[in-house]
Every structure is written in C-alpha cells, then in structure tokens.
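Note that the structure is predicted; figures quoted are calculated from it, not measured. A note on names: the letters A, B, ... follow the listed sequences, proteins ahead of strands, and every chain is numbered from 1.
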Amino acid sequence: MSNRWWVPYLFLAPALAGLLLFRFTPIGIALIGSVFGETIRGDTVFQGFKNYLDLMGDPTFWASLKTTILFNLIVNPLQVFCALVLAMLVRRPGRFIDIFRVSFLLPMTVSIAITSVLWNILLDPTLGPVNGFLRWIGLPAQPFFRSPDQALPTLIAVVSWKGVGYWMVFLLAGLLAIPKELDEAADLDGVSAWQRFRFITLPMMRRPLAFVLVADTAANFLLFAPVYVITHGGPNESTHLLMFESYQSAFAFLNHGRSLAISTVILTIILITALFELRLFNTKKGEA
Amino acid sequence: MNDVVASSSRLMTVLRYAALIVIAVVLLLPVYWLIMSSFRPAEQIFANSGRFGIETLIPFELTLQNYRDILAGGFPRALFNSLFVSFMTVALGILVNSMAGFAFAVFDFPFKRTLFVAVLLSFMMPFEAIVIPLYVLMRKLGWIDTYAALIAPDIASGIVIFLFRQFFAQIPKEIYEAARIDGANWWQIYRRMTMPLSWPTAATASLMMFIHQWDAFFWPLVAASSPDLTVIQVAIARNMTLEQSNWGALFASASTAVLVALVPFLILQRYYIQTVALGSDR
C-alpha cells in the first residue's frame, strides 16, 4: 500500500532499535560475557566454558537452582488455578461485580518492593497484625519468614497475593470470549456444571491458560525483590532463588562471568519451560 | 421442581458472593492497613502490637506528622525521580510503540513476519533475566547513574506494539486509501486519523507502562544507585533495611507510592480490562 518502500521501516525504526539494543544485545552480552573471566590484574581473558564448569561443581548454585525449581513447581500451577477460580467467580454479570473485578486487580498498584516491605511487617512474629489475629482466634503465633520451613511457602503466598488478580484479567478476557451459544446449548441439553467446565470452558480456555502459565513462569523464575528486601536468601538458604544468586555474584562478589553464566542458565530454563508448556497445551488440542 | 431449582440457584448466588467478599477482604485489607497506619502517631502504630482488636483496623488518633517527616528527607526527590522517569517512559513509549504497531498493521513489506516474531519473542523474554547483562551494556555506554539508563530500556515494548497492532488491524484499509487519494502522507494519516481513534488502547498501554516503570525495583537498584537518582521503590526498600526505627515515615512513603499508582489505575482500569480482552483474541 505504501508508495515508497522505506516508509514502513521508518515507522518501525525507533521501536526496533530499542528492542535490538536493550533486549537482544544483552542476551548476546550474557552469552559472550559468560565465557570470559578476569585475571588478578583485572584484564578480561577468554576462558571457554570455565564459568559454566565452575557452576556445575558449585553446591551453592545447585542448591539455589533446586530452590528455584521447587518454588516454581508450586507457585505457577497455584497462581494459575487461583486466577482461574477468581475469573470464574466474576465471569457472570451481577450486582457489584465490577467492584469485585477492580478489587481483585488492585494489589497490582502495590509494587513488588512495597508488597515485600508491607508483608514483612504484617507477618512479623511479635509486632505483626497477622499473628495478632491468630492469637485472637486462639491459634499459636507463626514465625513465617523467620523459619526455614515456612519462609518459602510464605513467599509463595505473598507473591500470589499481588499476582493472582493480574493473571485473572487475562483469563477473564478468555472466558468472556467464549460464545454464549455454547453455554445456552449446554443448558438445553441439561449438562452438569462440572461437565460444562470440563468439555466447554477448559477446551476454549486452552490458549489464555497457556499464555498465563508461560508468562507467570517467566515472571516467577525472576523473582528478586522479596528475597532482597525480606529474607536475603535465608533462613538457612531456604529462599535463595537464582536471580538473587546472580545479583550476589555480580555485585557482592564482583564475579561478572559467573553472574552472566547464571543469567544464561535462567534464560535457557525459561525458554525450555515455555516451549514445554506450550507443547503441553497443544497436544491436548489434538485429543479434544 | 422449579422452586427447588430457584432456591438452589439462590443458594449458589449467596455462596458466590460470600466467596467474593472473603477474597476481596483478604486482598484489600493489607492495603487498607498500610494507608491507615500512615496516619497514626508513631507511638500508636505498634501500640497493640501482637494483639488484634478494633484498634488494629480503625485508628482513633490521626496525624499528618509522618507525611511532614518524609517531606524533610530524600523522599521528595525520589518521588520526583519516579514520576519523571515514569512519565517520560509513557510519553516516548506511546509514540514509538504505536508507530511500530501502525507499520505492522497497515503495510506489507519484506521481513514483516520475521520482525513481528522478533517483537513477540522480546515480550516473552522477561526483562529481569537480562538485568545483569544490561548493566554491563550500560556501563560500556557510560549511562550508569543517569536518567537515560532508567528510561531508555523500557520505551520499546513488545507487548505494547502487539496491543496497538491488534487495534490498528481492525480499522478498514479503505479509509487509508481514501486519505491517500486526498493527498495525505502516511505521517499525517497516523497522526490525525489513526492515533485519535486508538485512545482506549493508548490508555491501556499508558497504564501498563506506568505501573511497570513505577514498580521497577531490580533495574533501578542496579543501574542508578546515587542518592540523586534513587527512585521511590528503592528508597522505600532502603528505609526498611537501614533505619527500622521510623515506621511512620516508612508507612507514609509506601502509602504515597501506592496512592500515586492508584490514581491512573482507577481512571483507566475499565479500558484495561476491555483492551486485554481484545488483545487476547488473536
């Protein structure tokens, strides 16, 4: 449609330049930087896969990889499930339903840093109102972030508090896009609520669910602020997630090669997980 | 029979609303408590610490002292930094990303598919994963501790390009041809015809970019550590770790950050839900 061939490229240029410089170049830097190291004199030298081999033999790395994977195996399905429940609850129009939709989204405006600060105070073993409430209803106070057994589950609950409403919107959009005729036909056939969910809603929701699961996984693999603000990886390394390890390598131990190697590992894991999750949803399509 | 159905559906409605109310309370109460606590006198905040009662929810003594306290410190500067960085990101981001969305929706050109796949890939790839290599890049550019380091990486956004493309693709192409015949150039068409139509998408994109930039913590922590460039989130987190004595100031600064984000959120959330629905319908 354009008369001159370069017109579309002019419209694209600023955005593509930004993506190239600030998204794709850093990936290149991570790949290249991870095979370099510094000598004692501060010169940069090529050292092949040494940074990766060092990671392989480093129990700290393995422990934080294990924690990150455990955290993700719980937090992602949990958040997608809760988001779907919320979306189903606010799907049908009804009195005040808009108020509930907005209320569920509202924690979006509380930044991850403030979420961390706020919940650290709310869950404080002695000062916190949550423990005050537990005592009030006759339950023992809980250590939450101060206990190696409870810190990771508490972290999962806190990030879900902030995140679930955000993911709900995407699933709600998917639910609202399901043609009304399908539900009406189901009503006429006297289909049970469970059957309707299993054979109409779920198959129609495959795409939004896949999108939310992939995006949620990517977001949670990179969780940093609560670990930095609240736990510093503790207690007993129970919340030592990979992103925090990468940050510490770069800024506490000034080992950029190691940090970039960890960044590359994170990017690879996210890519593989995303491909796996997308495949999971595609094969189901074949059987339906 | 009909009575049974009616009463069971009435029961379902009651249960549904009971669930909605419980969830809303759990989600909103912490924010309510944060904002209420910011108006409590310092000695009152944890006066009934560890106990739970009506005082936990309703402050009987109110004061603005905490807000006066934060005005004296580095907080106004951090607030300005965050506002400036967020507004610049939104303004430049709307321009740059809508132009790209326009190109993808309106023109056919070589490598269009490849470039669009690159855009989609860039939004599948989360920003935090590249914070450390991006820091290495910024150091080479000499941009560490500048506003440019805070603003530039967030301007081009794959998801915003995608949202604009989705919207622009709905506009019938005949109107562009008519305008071309009338002698309008492509910039005029983009500027005077297409952009004014797209304001609900622009509103959603602004909200997304604003909240994202306002929330930013990891990148500003790494890229702009000097006191002059500290953004609001980093300032709040530092107060938390360094001087736990002044809880009142911590609550007041965190409440300010939440309330500032709340204003565009409440104004624009309607368009947000609508546009996400449009975007998900690929």
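Only the side chain of A:Leu118 has a heavy atom closer than 4.5 Å to any heavy atom of chain B. With a 4.5 angstrom heavy-atom cutoff, A:Ala250 touches chain B only via side-chain atoms. With a 4.5 angstrom heavy-atom cutoff, A:Leu267 touches chain B only via side-chain atoms. Contacts of A:Phe244 with chain B are absent, with no heavy-atom separation under 4.5 Å from either backbone or side chain. Interface remark: A:Ile99 contributes no atoms to any contact with chain B (heavy atom separation under 4.5 Å). For A:Thr25, the part lying under 4.5 angstrom from a heavy atom of chain B is the side chain only. Neither the backbone nor the side chain of A:Leu20 has a heavy atom closer than 4.5 Å to any heavy atom of chain B. With a 4.5 angstrom heavy-atom cutoff, A:Ala274 does not touch chain B via any of its atoms. Neither the backbone nor the side chain of B:Val234 comes within less than 4.5 Å of any heavy atom of chain A. Only the side chain of A:Tyr9 comes within less than 4.5 Å of a heavy atom of chain B; its backbone N, CA, C and O stay farther away. Heavy atoms closer than 4.5 Å to chain B are found nowhere in A:Leu242, neither backbone nor side chain. Using a 4.5 Å cut-off between heavy atoms, A:Leu19 contacts chain B through both its backbone and its side chain. For A:Phe224, the part sitting under 4.5 Å from any heavy atom of chain B is the side chain, from C-beta outward, and nothing else.
Rounding to the nearest 0.5 Å places CD1 of B:Ile132 at 11.5 Å from OG1 of A:Thr264. Between B:Leu27 atom CG and A:Leu106 atom CG the span is 9.0 Å, to the nearest 0.5 Å. We find the CD-CZ distance between B:Gln269 and A:Arg101 to be 10.5 Å, quoted to the nearest 0.5 Å. Atom CG of A:Leu260 is separated from atom CD1 of B:Ile130 by 12.0 Å, given to the nearest 0.5 angstrom.
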Next item on the list: Check the pair B:Ile23, A:Leu89 against side-chain contact (heavy atoms from CB on, under 4.5 Å), reporting the backbone distance first and the verdict last.
Entry: CA-CA 10 Å; B:Ile23 296 166; A:Leu89 281 172; 3.7 Å; yes
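Across B:Trp214, B:Phe111, B:Phe127, the residue that shares the most heavy-atom pairs under 4.5 angstrom with chain A is B:Phe127. The residue among A:Ile270, A:Ile121, A:Leu172, A:Val214 with the most heavy atom pairs within less than 4.5 Å of chain B is A:Ile121. The candidate from A:Pro26, A:Gly18, A:Ser34 with the greatest count of non-hydrogen atom pairs under 4.5 Å with chain B is A:Pro26. No other option in A:Val110, A:Ile97, A:Leu105 has as many heavy-atom pairs under 4.5 Å with chain B as A:Leu105. The residue among B:Val222, B:Asp215, B:Asn185, B:Leu262 with the most heavy atom pairs within less than 4.5 Å of chain A is B:Asp215. Each of B:Leu134, B:Leu92, B:Val131 has some count of heavy-atom pairs under 4.5 Å with chain A, and the biggest count is that of B:Leu134. Contact tally against chain A (heavy-atom pairs below 4.5 Å) for B:Leu95, B:Leu250, B:Leu221: the top residue is B:Leu221. Listed options B:Ala103, B:Pro153, B:Ala261 were ranked by heavy-atom pairs under 4.5 angstrom with chain A; first place goes to B:Pro153.
For the pair A:Pro8 and B:Phe109, the tightest heavy-atom approach, listed with the atom from each and the gap, is CB-CD2, 3.5 Å. Minimum interatomic distance between B:Ala24 and A:Ser103 (heavy atoms only, all atoms of both residues): CB-CB, 4.3 Å. When all heavy atoms of B:Met99 and A:Pro14 are compared, the closest pair comes out as CE-CG, 4.1 Å.
The aromatic rings of A:Phe11 and B:Phe102 sit tilted relative to each other, their planes meeting at an angle between 30° and 60°.
Contact annotation: the side chain of B:Phe217 never approaches that of A:Ser111 to less than 4.5 Å [non-hydrogen atoms, C-beta and beyond]. The shortest side-chain heavy-atom distance between A:Phe221 and B:Glu128 does not fall under the 4.5 Å cut-off.
Between the side chain of A:Tyr228 and the main chain of B:Ala237, no donor-acceptor pair closer than 3.5 Å is present.
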